[in-house]
Amino acid sequence: MQIAFIVPELPEVEHARRTLSRWLEGARIDAVTVQDARILDHGVTPARVVRALEGRRVTAVERRGKWLRLALDSGRVFSHLGMTGKWVRTEVGAEETRFEKIRVDATARDKTRRSVRYLDPRLFGRFVVVKEGEADLKAWNELGPDPLVDGIDVSALHAKLAKRRLAIKPTLLDQGVLAGVGNILATEALFYARIDPRRPSRDLSRVEVGKLSRGIRRAIDRTLAKETGETIQYVEEPGAPNPFTIYGHEGEPCPSCSRPLAKMFLGGRGTVLCVHCQR
DNA sequence: AACGGAACCTGAAAGC
DNA sequence: TGCTTTCAGGTTCCGT
């Protein structure tokens with residue numbers, strides 16, 4: 001089957017970070033347009049966002065979990081891609097891209113100009129400007145360790161999971177446990193670790209948490225390796241073949257034992273698993 | 001406190 | 001063919 005939606009999780013957001021970094025780091029923001037105020041937090045006006053950004057220089061593009069943070073010479077911008085958010089680059093003055101919600105025109109250090117645009121048909125993303133001196137977003141501050149930025153401390157993760165009776169799959173979706181793990185990553189990692197997603201988190205042994213940790217890293221690296229090129233082309237772009245190992249492959253043979261992969265719902269989220277290989 | 005479930009949102013796919 | 005329904009899921013909020 002094909003994957004119908006862009007679903008940005010840690011690897012996709014990391015790819016977006018690297019690309020945005022090339023496009024905007026060191027650049028001066030000339031003009032900002034907010035086409036749809038619904039992408040902003042309730043009560044925040046486009047005018048306020050425009051005022052906060054125009055004339056600023058982007059000093060760094062950072063990521064924790066699924067959040068992007070653009071550090072400015074004064075203030076910061078937080079961007080969450082939700083389920084269908086994406087940053088693209090066009091020529092300055094190019095006509096409005098489909099689903100465009102925000103436009104940032106900037107001049108790089110080498111004086112070349114570029115237009116960077118945020119697209120988000122579903123509007124599940126967020127775009128938040130924080131002024132100099134104000135605290136970071138609560139959602140950012142409450143993130144758990146990031147598997148790439150911080151690495152995974154197996155003992156610490158084991159201790160954290162020991163307090164949870166919820167099944168391991170929905171627990172992994174809690175951004176306070178590990179930042180950036182989404183439904184696809186959790187599904188893939190549990191398969192690599194051969195752990196049944198329905199197992200209570202607190203029942204996982206230290207050895208199993210180690211396997212899970214390596215499974216998460218493997219799933220991240222595998223997707224990141226496919227994210228190449230100058231444009232942000234997510235591996236699960238609509239119409240592209242399914243790049244994942246078991247996600248979206250329900251009913252098809254398990255890559256390990258060849259028996260059909262099952263699909264069930266855990267914590268309201270679709271979960272694919274091999275009931276024979278994952279224990 | 002922990003947990004389940006609904007709401008948010010809309011394009012694409014599937015069903016009819 | 002074209003209309004209707006279903007599905008996808010990150011996060012937040014609300015009720016139990």
Side-chain angles (χ1 to χ4, degrees), chain A residues 1-16 35-44 63-69 78-87 97-102 118-128 136-144 146-147 160-190 197-203 219-220 223 234-244 246-251 263-273:
Chain A
M1 68 166 271
Q2 295 181 340
I3 302 293
F5 295 95
I6 301 164
V7 185
E9 298 186 4
L10 192 153
E12 291 78 14
V13 182
E14 172 61 16
H15 181 50
Q35 283 98 338
D36 192 333
R38 289 178 297 170
I39 200 64
L40 309 177
D41 283 355
H42 187 70
V44 178
R63 179 195 61 78
R64 281 192 73 82
K66 299 167 198 167
W67 279 98
L68 291 165
R69 181 172 72 174
F78 292 85
S79 167
H80 195 294
L81 306 178
M83 288 178 56
T84 54
K86 181 180 187 180
W87 287 96
T97 311
R98 195 180 181 207
F99 309 130
E100 185 177 313
K101 308 298 177 192
I102 294 172
Y118 179 69
L119 323 180
D120 193 353
R122 294 284 294 280
L123 282 165
F124 272 29
R126 284 177 70 189
F127 187 87
V128 186
D136 281 330
L137 274 192
K138 190 161 167 272
W140 170 277
N141 287 329
E142 290 176 352
L143 291 172
D146 182 282
K160 193 175 272 186
L161 295 180
K163 295 174 189 163
R164 311 268 184 137
R165 61 186 67 196
L166 199 63
I168 184 61
K169 165 77 171 4
T171 299
L172 284 175
L173 300 185
D174 182 339
Q175 299 300 292
V177 173
L178 284 176
V181 179
N183 199 43
I184 298 173
L185 208 46
T187 297
E188 298 279 287
L190 285 164
R198 297 167 290 185
R199 292 265 306 281
S201 307
R202 55 156 61 155
D203 289 359
I220 292 170
T223 301
Y234 297 130
V235 295
E236 64 271 42
E237 207 75 20
N242 180 348
F244 300 109
I246 67 164
Y247 176 85
H249 287 295
E250 59 269 24
K263 179 166 184 179
M264 60 183 63
F265 284 84
L266 285 176
R269 292 287 174 249
T271 302
V272 180
L273 76 159

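Atoms considered below: every heavy atom in the structure, side chains included; atoms not considered: hydrogens, waters and symmetry mates. Letters go in sequence order (proteins before strands), and every chain restarts at 1.
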If you only use heavy atoms from C-beta on, which nucleotide in [options] is closest to the side chain of [X]?
{"X": "A:His80", "options": "C:dG10, B:dT10, C:dA8", "result": "C:dG10"}
{"X": "A:Arg165", "options": "B:dA2, B:dG11, C:dT11", "result": "B:dA2"}
{"X": "A:Leu166", "options": "B:dA7, B:dG4, B:dC9", "result": "B:dG4"}
{"X": "A:Phe99", "options": "C:dT11, B:dG11, B:dC9", "result": "B:dG11"}
{"X": "A:Tyr247", "options": "C:dA8, C:dG10, B:dC3", "result": "C:dA8"}

Below 3.5 Å between N/O atoms, which protein atoms pair up with nucleotides 12-16 of chain C? Just atom names and distances, please.
unit_1 : atom_1 : unit_2   : atom_2 : d
C:dT12 : OP1    : A:Arg126 : NH1    : 3.4

Whether A:Tyr118 and A:Trp87 hold their rings parallel, tilted or perpendicular, with breakpoints at 30° and 60°: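 Correct class here is tilted.
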
Ignoring backbone atoms, test whether [X] places a side-chain nitrogen or oxygen under 4.0 Å from the OP1 or OP2 oxygen of [N].
{"X": "A:Arg38", "N": "B:dT10", "answer": "yes"}
{"X": "A:Gln175", "N": "C:dG10", "answer": "no"}
{"X": "A:Lys263", "N": "C:dA8", "answer": "yes"}
{"X": "A:Lys66", "N": "C:dT11", "answer": "yes"}

Can you tell me how far apart [atom1] ([X]) and [atom2] ([Y]) are? Round to the nearest 0.5 Å.
{"X": "A:Thr187", "Y": "A:His249", "atom1": "OG1", "atom2": "NE2", "answer": "11.5 Å"}
{"X": "A:Glu142", "Y": "A:Leu137", "atom1": "CD", "atom2": "CG", "answer": "10.5 Å"}
{"X": "A:Gln35", "Y": "A:Asp120", "atom1": "CD", "atom2": "CG", "answer": "12.5 Å"}

Atom [atom1] of [X] to atom [atom2] of [N]: distance rounded to whole Å?
{"X": "A:Leu172", "N": "C:dT11", "atom1": "CG", "atom2": "P", "answer": "14 Å"}
{"X": "A:Ile39", "N": "B:dC8", "atom1": "CD1", "atom2": "P", "answer": "16 Å"}
{"X": "A:Phe78", "N": "C:dG10", "atom1": "CZ", "atom2": "C1'", "answer": "17 Å"}

Salt-bridge criterion met for A:Asp146 and A:Arg64 (N-O under 4.0 Å):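 Judged by the 4.0 Å cut-off on N to carboxylate O distance, A:Asp146 and A:Arg64 do not form a salt bridge.
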
Side chain A:Thr271, main chain A:Arg269, donor-acceptor under 3.5 Å: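 Side chain of A:Thr271 to backbone of A:Arg269: a pair is present.
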
N/O donor-acceptor pair under 3.5 Å between A:Glu12 side chain and A:Glu9 backbone: yes

B:dT10 base / A:Arg98 side chain donor-acceptor hit below 3.5 Å: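 Not at all, since no donor on one side and acceptor on the other fall under 3.5 Å apart.
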
